[in-house]
Amino acid sequence: MPTGWDKQMPVQKTVSSQSTSDKVIDNEVLIRSDKVSEMNRLETFIPEEPRRSLNDLIIPKSVRARIDSALNRIRFYDELYNQWNLKKIDPYGCRIAINLFGSSGTGKTFCAEAIAHHLKRKIIKVNYAEIESKYVGETPKNITAAFRKALETNSVLFFDEADSILGKRLTNVTQSADHGVNVSRSVMLLELDKFDGIVVFATNLAKNYDGAFVRRILAHIEFELPDEECRLRLWQYLIPLEVPRSSAVTFEWLAKESEGLSGGDICNVVISAASRAVERITTNREVSRDDLLEEIKHIRTSKQKISSEIQQKHPIILTEKKLEPEELPPDVQEKFQEVSIRQYDNNKLGEDNCK
């Protein structure tokens, strides 16, 4: 090389080196961002100590019997699945899914807490507003996070208003939002399949459930409106001793006068009637029969009007569509393949045993 000349490094290699370095940094940033997002999602779902017990749950005897039967699978798990070998026909028996359905105010949420208390576990309460996201792909991740948090903390996972989450998949998919609903429900199915824990669903509209979810739920327990005996116990439980009431107001009289009311309705009647009585500062401030009858009448009238308005509206008809695996996001497809392989192995084992 002639004297005085400077050697020039290839520009292209330098740029390429910088580009590779930038890509590594970008990937690290993305990974760190994903981990932060995942941690934030997990922190959304907080395990709580249950405040209610089965002893405080006032329901008809037939409903209590169905709850006890569902809990027996947990209580006698070793005998059922190991000694009696039920794991032969149900290899994923660790998963317990219970569906509580029925009219509003009949004690479904109360029961979910009582189940957690009975099992000496915390409870994670989830409603659709907490997992739904306006961003595409986020709702399935929130569902996954809820199941993961329940597994890590050994908590009972409780989905309130579960018809919003377990509803029928849509066939007439015209928008990305519709596709997102189907994907979210497919992810819910996958998470439920592989979850080794206890899930409780509650709904007023069980008829809207997708059939695939119905098949995966161990026990469907209908919460009926309380009979007269239950109403008597509810009035005794819901009227504190400190509330002054007329001598004419007896629990037996209240039980007869409140036919058709749920436990939630009775609670509202007590609060409203007491609020009427307390404002009578210069006169008798005792809760009277008139106070209670007025509020009972108000509850019945309101429910009748609401039911009438609902019947006048056109029903929303949802049809079912089965999503193909290739329609799911890549990360969901991987989980789908894992579940499919496990199911195949289980079927193969059954065939070998038959031979």
Test your reading of the model: is there a side-chain donor-acceptor pair from [X] to the backbone of [Y], 3.5 Å cut-off?
{"X": "Ser302", "Y": "His298", "value": "yes"}
{"X": "Arg231", "Y": "Pro226", "value": "yes"}
{"X": "Arg121", "Y": "Val156", "value": "no"}
{"X": "Ser288", "Y": "Asp291", "value": "yes"}
{"X": "Thr144", "Y": "Pro140", "value": "yes"}
{"X": "Thr203", "Y": "Leu205", "value": "yes"}

CA sep, side-chain torsions, deciding dist, call: Glu252, Glu228, side-chain contact (heavy atoms from CB on, under 4.5 Å): CA-CA 9 Å; Glu252 291 77 12; Glu228 187 171 332; over 6 Å; no
Any side-chain heavy-atom pair of [X] and [Y] under 4.5 Å:
{"X": "Glu257", "Y": "Leu292", "answer": "no"}
{"X": "Leu119", "Y": "Ile198", "answer": "yes"}
{"X": "Arg185", "Y": "Ile165", "answer": "no"}
{"X": "Ser184", "Y": "Ile143", "answer": "yes"}
{"X": "Cys111", "Y": "Phe223", "answer": "yes"}
{"X": "Ile67", "Y": "Leu57", "answer": "yes"}
{"X": "Phe195", "Y": "Leu151", "answer": "yes"}
{"X": "Phe251", "Y": "Gln236", "answer": "yes"}

Taking the basic N atoms (NZ, or NE/NH1/NH2) and the acidic carboxylate oxygens, is any pair closer than 4.0 Å for [X] and [Y]?
{"X": "Asp265", "Y": "Lys303", "result": "yes"}
{"X": "Arg276", "Y": "Glu294", "result": "no"}
{"X": "Lys194", "Y": "Glu191", "result": "yes"}
{"X": "Asp68", "Y": "Arg64", "result": "yes"}

Euclidean distance, Asn85 CG relative to Glu79 CD, rounded to 0.5 Å: 14.0 Å
Quick one: pull up CD1 in Ile74 and CG in Leu218 and give me the separation to the nearest 0.5 Å. 8.5 Å
side-chain contact (heavy atoms from CB on, under 4.5 Å) against Asp160, all qualifying residues, sequence neighbours excluded: Thr109, Phe158, Ala202
side-chain contact (heavy atoms from CB on, under 4.5 Å) against Glu224, all qualifying residues, sequence neighbours excluded: Pro60, Ser62, Val63, Arg66, Glu222
What pair of heavy atoms forms the shortest contact from [X] to [Y], and how long is it?
{"X": "Leu261", "Y": "Arg300", "result": "CD1-NE, 3.7 Å"}
{"X": "Ala277", "Y": "Glu286", "result": "CB-O, 3.7 Å"}
{"X": "Ser53", "Y": "Phe110", "result": "O-CE2, 3.7 Å"}
{"X": "Gly167", "Y": "Phe213", "result": "O-CE1, 4.3 Å"}
{"X": "Ala150", "Y": "Leu157", "result": "CB-CB, 4.0 Å"}
{"X": "Ser164", "Y": "Tyr128", "result": "O-CE1, 3.6 Å"}

Any chain of hydrophobic side-chain contacts (each under 4.5 Å) joining [X] to [Y]?
{"X": "Phe201", "Y": "Phe101", "answer": "no"}
{"X": "Tyr237", "Y": "Leu54", "answer": "yes"}
{"X": "Leu192", "Y": "Ile124", "answer": "yes"}
{"X": "Ile271", "Y": "Leu293", "answer": "no"}

Describe, in one word, how the ring planes of Phe159 and Phe147 are oriented to each other, choosing from parallel (under 30°), tilted (30 to 60°) and perpendicular (over 60°). tilted
Full working for side-chain contact (heavy atoms from CB on, under 4.5 Å) between Leu225 and Thr106: CA-CA 6 Å; Leu225 289 173; Thr106 49; 4.1 Å; yes
Under the side-chain hydrogen bond (donor to acceptor under 3.5 Å, both in side chains) test against Asn99, which residue among His220, Arg216, Lys108 passes? His220
If a pair satisfies salt bridge (charged side-chain N to carboxylate O under 4.0 Å, His left out) and one of its residues is in residues 52-62, list it, with sequence neighbours excluded. Arg52-Glu113
Take a 6.0 Å sphere around [atom1] of [X] and say whether it holds more than 12 heavy atoms from other residues, nucleotides or ligands.
{"X": "Arg75", "atom1": "CZ", "result": "no"}
{"X": "Arg51", "atom1": "CZ", "result": "no"}
{"X": "Trp253", "atom1": "CH2", "result": "yes"}

Do Arg215 and Tyr209 form a cation-pi contact, if we require the NZ or CZ to be under 6.0 Å from the six-membered ring centre and within 45 degrees of the ring's axis? no
Run through Ile131, Val126, Thr44 and flag the one making a side chain to side chain contact (heavy atoms under 4.5 Å, CB included) with Asn142. Ile131
Member of Val269, Ile266, Val243 meeting the side chain to side chain contact (heavy atoms under 4.5 Å, CB included) criterion with Leu238: Ile266
Flag for Asn72-Ser69: side-chain donor and acceptor within less than 3.5 Å: no
Ring centroids only, cut at 6.0 angstrom: are Tyr77 and Tyr81 within range, meaning strictly under it? yes
